[in-house]
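The next block holds one structure in the form of structure tokens; read it before the comments.
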Number of protein chains: 2
Amino acid sequence: MNRPTLEAVAARAGVSKSSVSRVINGATTVAPSIREVVLRAVRELGYVPHAAARNLATRRTNAVALVVSDPPKGLVSDDPMFSAVVRQASRKLEAAGKQVVLMLAGSEDSRARVARYVAAGHVDGVMLVSMHGADSLPASLARKGIPIVSLGRTNPAVPYVDNDNLGGADLAVRHLLRQGRRRVATITGPLDMIASQERLTGYTGVLRETGHRSIVAIGDFTRVSGADAMRQLLQDDPGLDAVFAANDLMAVGALRTLREAGRRVPDDVAVVGFDDIEAALYTTPPLTTVHSPMADWAGATVDLLLGLFEGGTDEPVLLPAELVVRESA
Amino acid sequence: MNRPTLEAVAARAGVSKSSVSRVINGATTVAPSIREVVLRAVRELGYVPHAAARNLATRRTNAVALVVSDPPKGLVSDDPMFSAVVRQASRKLEAAGKQVVLMLAGSEDSRARVARYVAAGHVDGVMLVSMHGADSLPASLARKGIPIVSLGRTNPAVPYVDNDNLGGADLAVRHLLRQGRRRVATITGPLDMIASQERLTGYTGVLRETGHRSIVAIGDFTRVSGADAMRQLLQDDPGLDAVFAANDLMAVGALRTLREAGRRVPDDVAVVGFDDIEAALYTTPPLTTVHSPMADWAGATVDLLLGLFEGGTDEPVLLPAELVVRESA
DNA sequence: ATGGTTCGAGGGAGCGCTCCCTGACTTGGA
DNA sequence: TCCAAGTCAGGGAGCGCTCCCTCGAACCAT
């Protein structure tokens with residue numbers, strides 16, 4: 001069960017370690033004859049370079065930490081976002097030859113672990129996924145001196161990619177008003193997240209501009225919280241005729257509450273969500289929502305990080321928002 | 001930007017490298033005075049052990065590969081399962097001090113990459129998530145001689161944890177018959193997956209036993225495929241009065257098709273799903289389904305792997321199935 | 001033919017840590 | 001008092017790889 005070393009390959013091929021190393025790493029200054037004999041030895045021995053040894057010598061790991069905030073907190077407490085983002089990020093990173101180390105950052109403990117892990121030199125870079133605004137992690141990681149990017153803007157600014165939360169909310173609310181809705185409520189995400197804040201700001205902005213009153217309930221991006229918040233809103237203002245939920249999952253919860261309360265959608269109450277997850281197609285009625293291209297989003301964030309490795313720009317990227325009109329509003 | 005080494009700590013503390021190493025690794029044979037002076041030096045220098053160096057010396061990595069099959073193929077093409085499993089597995093592995101390297105196994109390419117990665121000694125163990133029955137990966141990995149477990153049974157057997165697919169399907173179909181349904185159809189998962197096969201076997205088993213005809217359409221565990229399959233079934237047998245979908249996502253798709261076709265659920269057609277994802281609560285009507293405890297499932301798989309590290313048993317584990325009756329059947 | 005270049009292979013010093021082994025010192029028993 | 005046994009700190013040889021440097025060979029121009 002003893003794995004062959006580079007030295008064993010060298011011995012078998014009758015060349016020096018250096019030459020084997022060159023062949024393995026694709027150096028061009030190698031005579032074809034040597035390359036060939038080395039490659040054969042590699043094949044015969046089933047040689048695979050030892051990762052740790054290589055990392056030690058090169059001081060690079062070819063790995064990237066994908067740090068995702070864990071429920072109950074965090075935008076990605078919702079499944080669709082979690083899987084879309086993690087999947088797409090993994091795909092792109094793997095395609096770029098980077099290994100993905102997944103880390104959940106929930107408790108303070110786990111944050112410390114992430115920091116330690118990064119400090120230990122395990123990874124060449126870090127991709128954060130929608131951390132909370134007040135999160136300490138971005139700052140403490142940035143100090144380590146390795147490239148770090150964030151999907152979703154963070155407070156102590158690290159390079160990020162975000163979608164146009166403000167513009168999206170604006171779009172949604174204007175749509176509702178254009179349909180003649182007068183009392184438009186909103187269900188927000190957790191307010192320590194910048195995305196939630198921006199979506200709320202977009203909502204209040206339009207209402208203020210058009211001289212409407214805002215009706216706000218706070219959720220946490222989960223279905224249950226959407227259902228609860230909707231109940232709350234109906235109690236606060238039984239006459240409301242529209243709801244803008246800061247994400248689709250909460251919109252789904254809201255739909256349920258509305259149905260239970262005997263309100264028809266969209267006749268009595270119009271509902272608009274945000275994100276355009278697949279499930280938005282399958283609600284009754286199908287959900288009108290702000291499309292945010294999760295996969296593109298994750299992809300762009302990976303690109304930003306890969307760019308940083310190459311000394312590229314750390315300019316933030318903003319993805320445009322777009323309203324998808326279905327039947328709920 | 002030069003990170004302190006163990007040697008620097010030793011110098012600062014005025015002791016040998018060995019002593020520092022002992023303190024860092026919590027050896028008991030260290031005088032309190034030395035331990036203290038070392039710890040202070042560590043603190044002052046902000047020392048963090050270099051991971052690669054340690055891995056090289058110990059030949060252990062403290063990392064585990066979490067290999068998940070990527071869409072379009074694979075049970076976990078569905079979000080809820082993906083996130084529940086990945087999340088829970090990560091949590092437990094991290095709690096056990098293991099790092100999680102996430103790898104998507106989609107194409108043949110990526111399978112080769114996984115194999116190479118494991119061979120490179122990057123990880124101490126591998127956790128597979130519901131690979132296809134015919135997958136080559138389990139076999140090729142098993143040959144590397146490191147612990148490997150699978151969530152969901154695989155064909156060349158590696159130690160696994162699975163839920164009782166057969167029993168669950170049995171439960172579901174009997175429930176439908178008990179309600180007086182006569183023409184019970186099924187929508188299967190991809191048939192190269194063992195889970196799909198077992199659920200189908202459970203279905204046909206009961207029908208044969210009770211002298212009913214089976215009506216089968218093949219899906220792939222996605223919502224869309226469920227909707228398509230349902231259309232197919234309605235065409236094949238317009239008189240059917242019940243459907244057992246091999247997972248909830250397809251059940252959701254089926255519900256939509258039924259609604260579009262003007263069939264009332266459960267009055268005209270009863271629907272039962274499998275998995276009990278959160279969304280099953282939010283369909284109209286809420287979905288009757290076989291509960292499979294994803295998180296427990298993932299957790300048990302992690303436990304199996306951790307057990308293997310300690311020389312524990314490789315006995316497969318089977319989780320019991322349970323029917324959750326809601327309104328759709 | 002000779003000196004100057006260029007090119008490519010080999011040698012070997014690390015990378016930072018662990019862990020075995022040695023040896024100084026302490027302790028206990030005879 | 002002396003020796004055997006037991007502790008515990010230090011020394012140093014690896015772990016497997018990279019990469020700088022040296023050096024020989026081949027080639028060109030003079």
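Residue numbering restarts at 1 for every chain, and letters A, B, ... go by the order of the sequence lines. Scope of the values below: all heavy atoms of this structure, side chains included, with no hydrogens, waters or symmetry mates.
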Quiz item: So how far is it from B:L151 CG to B:D162 CG, rounded to the nearest 0.5 Å?
Solution: 7.5 Å
Quiz item: Taking side chain as C-beta onward, heavy atoms only, is A:Q88 less than 4.5 Å from A:M294?
Solution: no
Self-check item: Bounds of contact between DNA chain D and chain B, in 5' to 3' order, using a heavy-atom cut-off under 4.0 Å
Solution: D:dC8 to D:dG16
Exercise. Give a yes-or-no answer on whether the side chains of B:D124 and B:T61 include a donor-acceptor pair shorter than 3.5 Å.
Key: yes
Practice problem: Flag the pair B:V302 / B:R91 as yes when at least one side-chain heavy-atom distance between them is below 4.5 Å, and no otherwise. | Solution: no
Exercise. Kindly say whether A:S110 contributes a backbone atom to a donor-acceptor pair with the side chain of B:E94 at under 3.5 angstrom?
Key: no
Exercise. Any pair with a residue in residues 7-35 of chain A that passes salt bridge (charged side-chain N to carboxylate O under 4.0 Å, His left out), sequence neighbours left out, goes on the list, sorted by first then second residue, please.
Key: A:R12-A:E44
Quiz item: Can you name the one residue among B:V149, B:V123, B:L93 that meets side chain to side chain contact (heavy atoms under 4.5 Å, CB included) with B:V64?
Solution: B:L93
Quiz item: Should the ring pair B:F82 and A:F82 be called parallel, tilted or perpendicular, given that the plane angle runs from 0 to 90° and is split at 30 and 60?
Solution: tilted
Quiz prompt | B:S196 side chain to B:D192 backbone, donor-acceptor under 3.5 Å | solution = no
Quiz item: Which residues within residues 7-23 of chain B lie with some heavy atom under 4.0 Å of an atom in DNA chain D?
Solution: B:V15, B:S16, B:K17, B:S18, B:S19, B:R22
Quiz item: Okay, side chain of A:S16, backbone of A:S19: is any donor-acceptor separation there less than 3.5 Å?
Solution: yes
Exercise. Please work out which residues in residues 31-57 of chain B have a non-hydrogen atom less than 4.0 Å from an atom of DNA chain D and list them by number.
Key: B:A31, B:I34, B:L56, B:A57
Quiz item: Partners of B:R54 by salt bridge (charged side-chain N to carboxylate O under 4.0 Å, His left out), sequence neighbours excluded?
Solution: none
Quiz item: Any side-chain heavy atom of A:N62 sitting closer than 4.5 Å to one from A:Q99?
Solution: no
Quiz prompt | Nucleotide-level pairing of DNA chain D, given in dot-bracket where Watson-Crick and G-U pairs need both distances under 3.5 Å and | marks other strands | solution = ||||||||||||||||||||||||||||||
